[in-house]
Amino acid sequence: MRKLNIGLSDEQRAGVIELLNHDLADAYLLLIKTKKYHWDVVGPQFRSLHQLWEEHYQALTVNIDAMAERVRTLGGYPIGTAEGFLKYGSIKEHIGDLPLATEMVSRLVDDHELIIRNLRQHVEQCGEEFKDDGTADFLTGLMEQHEQMAWMLRSFIEGESLAPDGQQPQAQTPTASHA
């Protein structure tokens, strides 16, 4: 292979590729979980969640391909096996567990927020430690997409406790009865 001369050292590129492979693994594990919930959701929220999760897994699929291509652009090879995804990923599986729809949403919020925290750290590392502003910018765009997906999912959960005027009900404090 021809030696890359893009203004990053081999060590810088290797560090960025390592970060990207971790992000790729998390995205793939989240894709799997999102698809599983898309298939298994039941209840009155079925249609809205089924459609929302289809939008999310389609976006995740595009992002996964973009991450793999970014790894190749930097001269590396993306991980692409289940074993690799589980080794590199921080998303946890819930084997043999089929939660209610609201718990599915809650778990996906947790996973998106984990990815957001990881991406935030990787953006900083790419820019400061590895001097790769291009990948830092790329990861910032991914982070913003996960922030939007997490917001949509959180809004679904929070909407269950809103009053008709859109306000969250105040916590009720028990009053002591006087005898």
Side-chain angles (χ1 to χ4, degrees), residues 17-73 76-123 126 135-164 166-169:
I17 289 165
E18 180 79 10
L19 295 177
L20 284 166
N21 272 322
H22 284 280
D23 297 329
L24 176 62
D26 278 339
Y28 217 96
L29 293 172
L30 181 59
L31 170 70
I32 291 168
K33 190 180 285 187
T34 302
K35 276 198 173 234
K36 177 70 170 149
Y37 289 169
H38 166 80
W39 296 329
D40 292 345
V41 69
V42 295
Q45 320 88 328
F46 167 79
R47 185 155 178 80
S48 59
L49 288 176
H50 188 76
Q51 289 176 329
L52 178 64
W53 289 335
E54 183 173 349
E55 292 170 17
H56 285 189
Y57 75 65
Q58 288 173 347
L60 289 167
T61 299
V62 170
N63 291 345
I64 287 165
D65 194 53
M67 279 185 269
E69 289 178 358
R70 184 75 189 167
V71 169
R72 292 297 294 135
T73 299
Y77 289 90
I79 57 171
T81 64
E83 179 182 20
F85 296 142
L86 291 170
K87 177 183 172 190
Y88 275 75
S90 52
I91 301 291
K92 300 300 176 214
E93 294 187 309
H94 302 278
I95 298 170
D97 180 15
L98 185 59
L100 296 174
T102 53
E103 181 61 20
M104 290 176 176
V105 174
S106 181
R107 287 179 183 179
L108 291 174
V109 168
D110 291 342
D111 291 341
H112 280 284
E113 289 178 347
L114 174 63
I115 288 173
I116 292 164
R117 291 190 305 273
N118 290 343
L119 285 169
R120 195 173 303 284
Q121 180 181 347
H122 293 172
V123 165
C126 282
T135 300
D137 184 57
F138 171 75
L139 294 177
T140 298
L142 295 177
M143 182 181 66
E144 290 168 346
Q145 289 181 44
H146 282 283
E147 288 172 337
Q148 185 177 33
M149 287 184 223
W151 161 65
M152 289 180 178
L153 293 167
R154 275 192 310 272
S155 294
F156 180 86
I157 296 170
E158 292 167 1
E160 293 183 355
S161 63
L162 291 180
Q167 298 295 313
Q168 295 222 357

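For the numbers below, each heavy atom of this structure counts, side chains included, while hydrogens, waters and symmetry mates do not. Fair warning: this is a prediction, and the values are worked out from it, not measured in the lab.
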All side-chain hydrogen bond (donor to acceptor under 3.5 Å, both in side chains) counterparts of Gln51, not counting sequence neighbours: none

Sidechain N-carboxylate O distance under 4.0 Å for Lys36, Glu93: no

Whether His56 and His112 hold their rings parallel, tilted or perpendicular, with breakpoints at 30° and 60°: perpendicular

His22 side chain to Glu18 side chain, donor-acceptor N/O pair below 3.5 angstrom: yes

Heavy-atom pair with the smallest gap, counting every atom of Ala25 and Phe85: CB-O, 3.5 Å

Closest non-hydrogen atom pair, Gln45 against Ser48: O-OG, 3.1 Å

Straight-line distance of Ile79 CD1 to Lys87 NZ, nearest 0.5 Å: 9.0 Å

Shortest non-hydrogen contact from Val71 toward Pro78: CG1-N, 3.5 Å

Distance-minimising heavy-atom pair for Leu114 and Ser90: CD2-O, 3.5 Å

Of all pairs that satisfy salt bridge (charged side-chain N to carboxylate O under 4.0 Å, His left out), the ones with a partner from residues 20-34, not counting sequence neighbours: Lys33-Asp111

Candidate pair Asn118 and Leu19, rule side chain to side chain contact (heavy atoms under 4.5 Å, CB included), full reasoning: CA-CA 9 Å; Asn118 290 343; Leu19 295 177; over 6 Å; no

Worked verdict on Leu108 versus Leu30 for side chain to side chain contact (heavy atoms under 4.5 Å, CB included): CA-CA 8 Å; Leu108 291 174; Leu30 181 59; 3.7 Å; yes

Intermediate values then yes/no, side chain to side chain contact (heavy atoms under 4.5 Å, CB included), Leu29 and Tyr88: CA-CA 10 Å; Leu29 293 172; Tyr88 275 75; over 6 Å; no

Closest approach of Met104 to Pro99 (non-hydrogen atoms, all atoms of both residues): CE-O, 3.4 Å

Nearest-0.5 Å distance, CG of residue Leu24 to CG of residue Leu142: 10.5 Å

Side-chain heavy-atom pair Thr81, Tyr28 within 4.5 angstrom cut-off: no

Minimum-distance pair of heavy atoms, taken over all atoms of Ile115 and Ala27: CD1-N, 4.5 Å

Working for side chain to side chain contact (heavy atoms under 4.5 Å, CB included), residues Ile157 and Arg154: CA-CA 5 Å; Ile157 296 170; Arg154 275 192 310 272; 5.8 Å; no

CG on Asp65 to CD on Glu69, rounded to 0.5 Å: 4.0 Å

Value rounded to 0.5 Å, distance of OG1 in Thr34 from CD in Glu54: 12.0 Å

CD (Gln148) with more than 12 external heavy atoms under 6.0 Å: no

Straight-line distance of Ile32 CD1 to Lys35 NZ, nearest 0.5 Å: 10.0 Å

With Glu144 via side-chain hydrogen bond (donor to acceptor under 3.5 Å, both in side chains) - residues at least two apart: none

Reported NE2-to-OH distance for the pair His94 and Tyr37, which is rounded to 0.5 angstrom: 5.0 Å

